[in-house]
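Report on the following structure.
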Amino acid sequence: MIEKGDLEGVLKGTLSLKGCNIKVKVSKSTVTLTGSVYSADQKSEAEKLAWKVLGVWMVGNELVIDQIDQA
């Protein structure tokens with residue numbers, strides 16, 4: 001079973017994703033990422049991390065690249 005909190009912790013603890021607003025939804029073996037990141041690289045990195053979670057069969061990457069709010 002996929003633990004939402006585990007993936008959220010990994011995403012929040014990943015230095016390259018610091019400051020991003022990523023939300024995780026889990027439905028059976030599917031993970032959906034929503035929210036915003038600052039670059040295409042960050043969007044890709046978040047998806048790669050989601051695929052590494054045991055039990056994930058599908059990742060929906062709905063992250064939006066928001067360059068305006070970058071700190």
Side-chain angles (χ1 to χ4, degrees):
M1 183 168 187
I2 302 168
E3 294 294 331
K4 176 183 170 184
D6 290 347
L7 178 54
E8 287 174 332
V10 168
L11 293 171
K12 288 180 182 175
T14 301
L15 198 55
S16 63
L17 299 175
K18 185 175 179 170
C20 295
N21 179 26
I22 301 173
K23 296 178 181 66
V24 177
K25 295 178 191 172
V26 175
S27 177
K28 298 183 182 176
S29 60
T30 300
V31 170
T32 303
L33 304 173
T34 60
S36 60
V37 294
Y38 301 119
S39 70
D41 287 341
Q42 288 177 322
K43 183 175 179 173
S44 177
E45 178 70 14
E47 183 174 341
K48 285 178 188 175
L49 290 170
W51 275 112
K52 290 182 179 183
V53 174
L54 185 64
V56 171
W57 285 49
M58 175 69 92
V59 175
N61 189 342
E62 299 175 6
L63 292 168
V64 175
I65 299 170
D66 184 5
Q67 297 173 340
I68 296 172
D69 292 336
Q70 188 167 4

Point to revise | Point-to-point distance, once rounded to the nearest 0.5 Å, from CG of Asn61 to NZ of Lys48 | key: 11.5 Å

Practice item. To the nearest 0.5 Å, tell me how far Leu49 CG sits from Ser44 OG. Key: 9.5 Å

Review point. Is a side-chain donor or acceptor of Lys43 paired with a backbone partner of Leu63 at a separation under 3.5 angstrom?
Key: yes

Practice item. Go through the steps to decide whether Val37 and Asp66 satisfy the test side-chain contact (heavy atoms from CB on, under 4.5 Å), and finish with yes or no. Key: CA-CA 6 Å; Val37 294; Asp66 184 5; over 6 Å; no

**Study point:** Minimal non-hydrogen separation, Ala46 against Ile22, with atom names
**Key:** CB-CD1, 4.0 Å

Exercise for review: State whether the side chain of Glu8 and the backbone N or O of Lys23 hold a donor-acceptor pair below 3.5 Å, judged by distance alone.
Suggested key: no

**Study point:** Nearest heavy atoms of Gln42 and Leu17, plus distance in Å
**Key:** O-CD2, 3.5 Å

Review point. Gly55 and Ser29: which non-hydrogen atoms are nearest, and at how many Å?
Key: O-CB, 3.4 Å

**Study point:** Beyond-backbone contact of Thr32 with Val24, side-chain heavy atoms, under 4.5 angstrom
**Key:** no

Review point. Any donor-acceptor pair under 3.5 Å linking the side chain of Ser27 with the backbone of Thr30?
Key: no

Exercise for review: Hey, could you give me the CH2/CG distance between Trp51 and Leu7, rounded to the nearest 0.5 Å?
Suggested key: 12.5 Å

Study note, to complete from the structure: Taking every heavy atom of Gly19 against every heavy atom of Tyr38, the minimum-distance pair comes out as O-OH, 3.0 Å

